Amino acid sequence: MNDYVGADGDTVKLLRECDAGIKMGISSIDDVVGDVKDSRFRGLLNESRAQHEKLADEIEVLLDEHGDDGKDPNPMAKSMSWIKTNVKMMADHSDETVADLMTDGCNMGVKSLSKYLNEYKSADEKSKDITKRLVEIEDRLSTDIRPFL
């Protein structure tokens, strides 16, 4: 791992956190979308996944410009999310359960990304903009799926 310092360092660190968050979001959607019964709900998840993928492409280009490979989600966080999802889905295989899980995930994403925006204040405006757009995607999905709770 590179030892990034200064404004360029904050930019790369922020992009890496977005990269990990997007990978976690896509993985979470992939874990549940096949279980969703309501076509509108499934459409919202697929639309959000597509938006995540579009931002992932933008982030990859920017990370390449900085000579960085990106970041995978924390393996422990990913494992805990997978376990929580599977346990809840075994107990109640409903759209309501999926909406509950996805809302929790979106809220964690918004919280983490907001924290990173504050932490990496020297990041460039492009990376801050991408982070804000990712927060908006997460926040919008959380709002859009409320009828399924």
Side-chain angles (χ1 to χ4, degrees), residues 1-36 40-89 95 97-149:
M1 183 161 132
N2 296 322
D3 187 27
Y4 297 106
V5 294
D8 191 51
D10 275 6
T11 296
V12 172
K13 288 174 186 175
L14 185 57
L15 290 170
R16 292 179 108 238
E17 294 303 339
C18 287
D19 189 41
I22 284 173
K23 289 174 182 172
M24 187 76 167
I26 289 172
S27 174
S28 296
I29 291 169
D30 288 346
D31 285 347
V32 299
V33 72
D35 295 314
V36 173
R40 290 176 302 133
F41 187 11
R42 198 174 324 106
L44 290 168
L45 291 174
N46 286 326
E47 180 184 321
S48 183
R49 186 185 198 288
Q51 292 169 341
H52 278 75
E53 288 174 338
K54 183 176 182 265
L55 273 186
D57 292 343
E58 290 182 47
I59 288 168
E60 185 177 340
V61 168
L62 293 173
L63 284 168
D64 284 347
E65 288 174 6
H66 290 278
D68 195 273
D69 296 342
K71 180 180 176 183
D72 287 326
N74 178 306
M76 182 61 84
K78 191 167 179 175
S79 295
M80 294 304 290
S81 173
W82 185 86
I83 290 167
K84 178 181 177 183
T85 298
N86 284 285
V87 167
K88 281 195 166 201
M89 291 301 291
D95 285 0
T97 299
V98 173
D100 184 56
L101 289 164
M102 292 306 300
T103 300
D104 286 350
C106 288
N107 291 340
M108 284 192 297
V110 167
K111 180 180 173 184
S112 296
L113 292 165
S114 297
K115 181 185 100 171
Y116 293 127
L117 266 173
N118 291 329
E119 185 175 340
Y120 302 126
K121 291 183 188 312
S122 298
D124 69 14
E125 289 307 311
K126 267 188 191 176
S127 61
K128 287 179 183 178
D129 177 63
I130 284 176
T131 307
K132 290 172 187 172
R133 285 190 284 149
L134 183 53
V135 166
E136 288 173 14
I137 290 168
E138 297 285 321
D139 197 38
R140 187 176 329 114
L141 180 59
S142 177
T143 300
D144 288 348
I145 65 176
R146 284 181 190 160
F148 302 99
L149 287 170

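From a predicted model like this one, the values you see are computed outputs, not experimental measurements. As a basis for the values below, the full set of heavy atoms in this structure was taken, side chains included, without hydrogen atoms, waters or symmetry mates.
A donor-acceptor pair under 3.5 Å links the side-chain atoms of K121 to the main chain of N118, judged by distance alone. The backbone N or O of D10 sits nowhere less than 3.5 Å from a side-chain atom of S122 that would complete a donor-acceptor pair. S114 places a side-chain N or O within donor-acceptor distance of the main-chain N or O of V110, the cut-off being under 3.5 Å.
Proximity of D31 to M89: side-chain heavy atoms (C-beta onward) are nowhere separated by under 4.5 Å. Taking 4.5 Å as the limit, every side-chain heavy atom of D35 sits out of range of all side-chain heavy atoms of T97.
Summarising the geometry, atom NZ belonging to K111 is positioned 11.0 Å from atom OH belonging to Y116; distances are rounded to the nearest 0.5 Å. Here the straight-line distance linking atom NZ of K132 with atom CG of L113 works out to 12.5 Å at 0.5 Å rounding. In this structure, CE on M102 lies 11.0 Å from CG on N107, to the nearest 0.5 angstrom. Distance check: L55 CG to L134 CG gives 6.0 Å after rounding to the nearest 0.5 Å. Atom CG of N86 and atom CG of L101 lie 9.5 Å apart (nearest 0.5 Å). Going from atom CG of L14 over to atom CG of L62 covers 10.5 Å, rounded to the nearest 0.5 Å.
Of all heavy-atom pairs spanning D95 and F41, the tightest one is O-CE2, 3.4 Å.
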Steps toward side-chain contact (heavy atoms from CB on, under 4.5 Å) verdict (D69, L63): CA-CA 7 Å; D69 296 342; L63 284 168; over 6 Å; no
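The pair K13-E119 fails the salt-bridge criterion, with no side-chain N (NZ, NE, NH1 or NH2) lying under 4.0 Å from an Asp/Glu carboxylate O.
Annotation for K126: atom NZ does not count as buried by contact number, only 12 or fewer foreign heavy atoms lying within 6.0 Å.
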Indicate every side-chain donor-acceptor pair of residues 73-84 with a distance under 3.5 Å to a residue at least two apart or in another chain.
{"residue": "N74", "atom": "OD1", "partner": "M76", "partner atom": "N", "Å": "2.7"}
{"residue": "N74", "atom": "OD1", "partner": "A77", "partner atom": "N", "Å": "3.1"}
{"residue": "S79", "atom": "OG", "partner": "P75", "partner atom": "O", "Å": "2.9"}
{"residue": "K84", "atom": "NZ", "partner": "D104", "partner atom": "OD2", "Å": "3.0"}

Do any side-chain atoms of residues 18-30 form donor-acceptor pairs under 3.5 angstrom with protein atoms, and if so which ones, sequence neighbours left out?
{"residue": "D19", "atom": "OD2", "partner": "K23", "partner atom": "NZ", "Å": "3.1"}
{"residue": "D19", "atom": "OD2", "partner": "K71", "partner atom": "N", "Å": "2.8"}
{"residue": "K23", "atom": "NZ", "partner": "K71", "partner atom": "O", "Å": "3.4"}
{"residue": "K23", "atom": "NZ", "partner": "D72", "partner atom": "OD1", "Å": "3.0"}
{"residue": "S28", "atom": "OG", "partner": "M24", "partner atom": "O", "Å": "2.9"}
{"residue": "D30", "atom": "OD1", "partner": "R49", "partner atom": "NE", "Å": "2.5"}
{"residue": "D30", "atom": "OD1", "partner": "R49", "partner atom": "NH2", "Å": "3.4"}
{"residue": "D30", "atom": "OD2", "partner": "R49", "partner atom": "NH2", "Å": "2.9"}

Using distance only, find each side-chain donor-acceptor pair of residues 136-149 under 3.5 Å and give its atom names and separation, not counting sequence neighbours.
{"residue": "E138", "atom": "OE2", "partner": "H52", "partner atom": "NE2", "Å": "2.5"}
{"residue": "R140", "atom": "NH1", "partner": "Q51", "partner atom": "OE1", "Å": "3.4"}
{"residue": "T143", "atom": "OG1", "partner": "D139", "partner atom": "O", "Å": "3.1"}

